[in-house]
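First up is the structure itself, then whatever we jot down about it.
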Amino acid sequence: MVCRSGHENDPVERMRHSAAHVMADAVQQLFPTAKVTIGPVIENGFYYDFDYPAGFTPDDLVIIETRMRDIVAADTPFERREVTKAEAAKLFRAKGEQYKLEILDGIPDPVVSLYRHGQFTDLCKGPHVERTGKIGPFKLLKVAGAYWRGDSKNKMLQRIYGTAFASQAALDQYLRRLEEAKERDHRKIGQALDLFSFHPIAPGAPFFHPKGTVVYNLLVEYIRDLYQSYGYTEVITPLLYKTELWKTSGHYEAFREDMFLLRQEEEEYGLKPMNCPGHCYLFGQRKHSYRELPVRFADFGRLHRLEPSGTLLGLTRVRSMAQDDAHIFCTPEQVDAELAQFIAMTREVYAVFGFANIEVTLQTRPEKFLGPLKLWEAAEAALRRGVEQAGFTVTELPGEGAFYGPKIGFDVRDVLDRSWTLATVQIDCAMPDRFGLRYVAKDGREATPAMLHRVVLGSIERFLGILLEQTAGKLPVWLAPVQIMVLPMSDALVPMGEAVLASLRATGLRAAVDARNEKLGAKIREAQLQKVPYMLILGQKELAGNVVAVRSGTAGDLGQMPLEGFIDRVTREVRERQ
RNA sequence: GCCAGCGUAGCUCAGUGGUAGAGCAGCGGUUUCGUAAACCGCAGGCCGGUGGUUCGAUCCCACUCGCUGGCUCCA
């Protein structure tokens with residue numbers, strides 16, 4: 001077993017690691033042709049990859065789990081043994097475990113350690129629990145395909161995921177948390193709140209329903225407001241270009257397989273997968289002085305990417321999307337200030353949405369890249385400086401940058417703990433030169449501008465998905481598609497409801513009346529399920545007193561107040577984006 | 001794209017080699033109600049698609065489309 005380091009002292013992780021060995025043992029007892037490969041501890045559990053082309057069914061998992069319980073019940077000791085690589089190789093060759101031999105080949109040390117329990121021996125650094133009986137309550141969770149060594153050119157193995165905890169209560173709690181997470185899945189919320197849907201007729205391309213469109217447009221509107229104060233100018237650029245555009249940018253070479261291409265009048269066209277090359281053309285339309293830099297082109301244009309079918313996932317991975325995209329053309333001296341401004345804007349936005357757990361990554365030069373090395377080094381240094389000065393802890397991901405420049409990513413996790421990049425900023429080391437962009441510097445000479453790519457929300461689609469999960473569908477008042485539901489107690493109160501509705505709408509609030517012939521409880525329940533922030537209950541008492549009874553979706557009954565007072569309260573909350 | 005699983009009414013889900021069911025939603029009535037579900041009735045389906053096996057397929061098989069969980073990828 002290849003083991004991740006850093007878990008040695010955590011008793012739970014040690015136990016999970018041992019559970020992975022026991023699982024491999026059980027699998028080989030039950031499926032003798034299965035070959036073992038690797039099986040590390042991961043966050044919240046463990047997995048083990050087997051070469052077993054027939055694959056495992058969910059029923060197999062039950063059988064494997066049962067056999068694991070037998071092994072745990074047998075309470076056999078884990079024994080560590082150090083042997084030379086040659087000895088280890090002899091052992092695994094005899095067992096026909098070619099993957100272990102391959103792993104051995106990659107180990108530089110002359111001596112390796114083996115761990116044995118019962119008849120099962122694995123190559124492993126350890127450590128393990130003393131005896132199989134020390135493994136706490138465990139559960140196998142799912143089977144999945146996984147490439148050997150994580151390379152899609154290699155054979156696909158069968159991965160079994162499992163987890164183990166110190167106590168049954170802890171395991172149950174974890175499993176319960178997984179169940180609860182499914183309830184917050186943005187796909188489920190989107191359906192329940194009638195925000196968006198998908199249809200096989202357009203895989204990976206969401207239909208935004210009226211309510212979803214309200215939210216979508218409010219997000220865009222919010223960013224537009226910020227553009228005013230941050231000095232951006234919005235542009236509209238073509239959706240369809242001759243592919244020559246991406247031959248110039250370098251995207252064609254790198255991504256042509258992932259583009260929607262079409263042929264018209266002997267010419268190849270493509271739907272744009274990103275805005276940057278178009279913005280380069282726009283910038284190059286006329287001569288620019290250093291005095292007008294930075295130029296910040298913002299573009300909410302729709303983008304299409306032929307994402308592999310198996311990767312599509314609700315709103316978080318789509319084929320059709322828009323970004324709060326912008327490209328900044330500036331002098332090299334202005335880059336630091338632009339980075340600082342971008343980070344400030346990102347901070348401002350994420351504070352509004354309450355995104356607290358942001359993971360910041362620096363993705364550096366990949367193997368295949370365009371542009372001079374010197375520019376890359378300077379760009380990476382500038383990015384690192386920028387985020388560190390802003391006080392972020394940065395995780396470096398070597399070689400993960402775009403082909404044209406290094407990248408900072410601001411990642412958040414979805415409800416199932418999958419990590420998604422929202423904001424990014426990239427310094428372009430290639431495109432300004434490839435598109436021949438110039439500006440006239442102070443000394444009268446022409447110079448190549450620096451170019452930054454940046455998004456704050458990222459794709460609006462993805463952002464909305466993550467936001468729905470973070471809020472469990474309870475969008476803040478300023479974003480809620482229906483902010484106020486007016487609930488007349490009976491038909492007799494409907495006219496008052498209509499009047500109240502008119503007043504609310506006149507102030508720009510998004511409201512509706514539930515005039516159905518239903519009891520109040522049913523109307524409240526419906527509004528609660530629809531996550532409407534406020535309900536106005538109108539009965540005879542309210543009619544007589546010329547007031548409304550306010551119920552908050554989160555805080556419950558707030559008592560009676562004059563309609564004007566309520567309107568003031570809500571409009572303030574909307575203004576302050578609460 | 002790769003591995004595996006799943007596709008039954010708008011939604012959530014039962015079900016069987018012999019003409020397909022429930023709850024909710026919808027529609028029609030009754031009821032006119034005080035902070036999370038009133039009552040009665042009606043309607044609703046090429047059981048994802050195509051082909052095959054069979055006297056007969058929603059059910060078994062093959063292919064295909066889509067979704068889900070992973071893996072790879074992510075400008």
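Just so we're on the same page: letters track the sequence lines, and every chain starts at 1.
Using a 4.0 Å cutoff on non-hydrogen atoms, no part of residues 454-465 of chain A comes near RNA chain B. The stretch residues 198-210 of chain A touches RNA chain B through A:Pro200, A:Pro203, A:Gly204, each having a heavy atom within less than 4.0 Å of the strand. Within residues 395-422 of chain A, the residues that have a heavy atom under 4.0 Å from RNA chain B are, in order of number, A:Ala402, A:Tyr404, A:Lys407, A:Arg418.
In RNA chain B, runs of at least 3 stacked Watson-Crick or G-U pairs (N1-N3 plus N6-O4 or O6-N4, or N1-O2 plus O6-N3, all under 3.5 Å) give these stems: B:1-7 with B:65-71, B:10-13 with B:21-24, B:26-30 with B:38-42, B:48-52 with B:60-64.
Atom CG of A:Asp49 is separated from atom P of B:U72 by 10 Å (rounded to the nearest Å). Look at NE2 on A:His186: it is 13 Å from C1' on B:U68, rounded to the nearest Å.
For the pair A:Arg159 and A:Tyr47, the cation-pi test (distance below 6.0 Å, angle within 45°) is passed.
Between the side chain of A:Glu542 and the base of B:G34, at least one donor-acceptor pair of N or O atoms lies under 3.5 Å. Put simply, the side chain of A:Arg317 and the base of B:C74 share a donor and an acceptor less than 3.5 Å apart.
By the side chain to side chain donor-acceptor pair (under 3.5 Å) test, A:Lys272 pairs with A:Thr237, A:Asn275, sequence neighbours left out.
Residues A:Gln483 and A:Glu573 bring no donor and acceptor atom of their side chains to less than 3.5 Å of each other. A:Glu380 and A:Thr364 share no donor-acceptor pair across their side chains, judged by distance under 3.5 Å alone. At a cut-off of 3.5 Å, with distance as the only test, a side-chain donor of A:Arg302 or A:Ser320 sits close to an acceptor on the other residue.
When every heavy atom of A:Pro481 is checked against every heavy atom of A:Leu475, the shortest pair comes out as CD-CD1, 4.1 Å.
In this structure, A:Glu526 and A:Met485 have side chains that are not in contact, with every pair of non-hydrogen atoms separated by 4.5 Å or more.
Between A:Arg305 and the phosphate of B:C73, there is no side-chain N or O to OP1/OP2 separation shorter than 4.0 Å. One finds a side-chain N or O of A:Lys142 lying less than 4.0 angstrom from the OP1 or OP2 phosphate oxygen of B:G70. An OP1 or OP2 oxygen of B:C71 is reached within less than 4.0 angstrom by a side-chain nitrogen or oxygen of A:Tyr161.
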- Query: How does protein reach along nucleotides 43-48 of chain B, written 5' to 3' as B (base within reach of a heavy atom under 4.0 Å), S (only sugar-phosphate), or - (no contact)?
  - Reply: ------
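Taking the six-membered ring where the residue is Trp, the centroids of A:Trp246 and A:Tyr241 are separated by under 6.0 Å. Aromatic pair A:Phe50/A:Tyr48: ring centres closer than 6.0 Å.
With hydrogens and angles ignored, the 3.5 Å screen pairs a side-chain donor or acceptor of A:Arg305 with a backbone N or O of A:Pro273.
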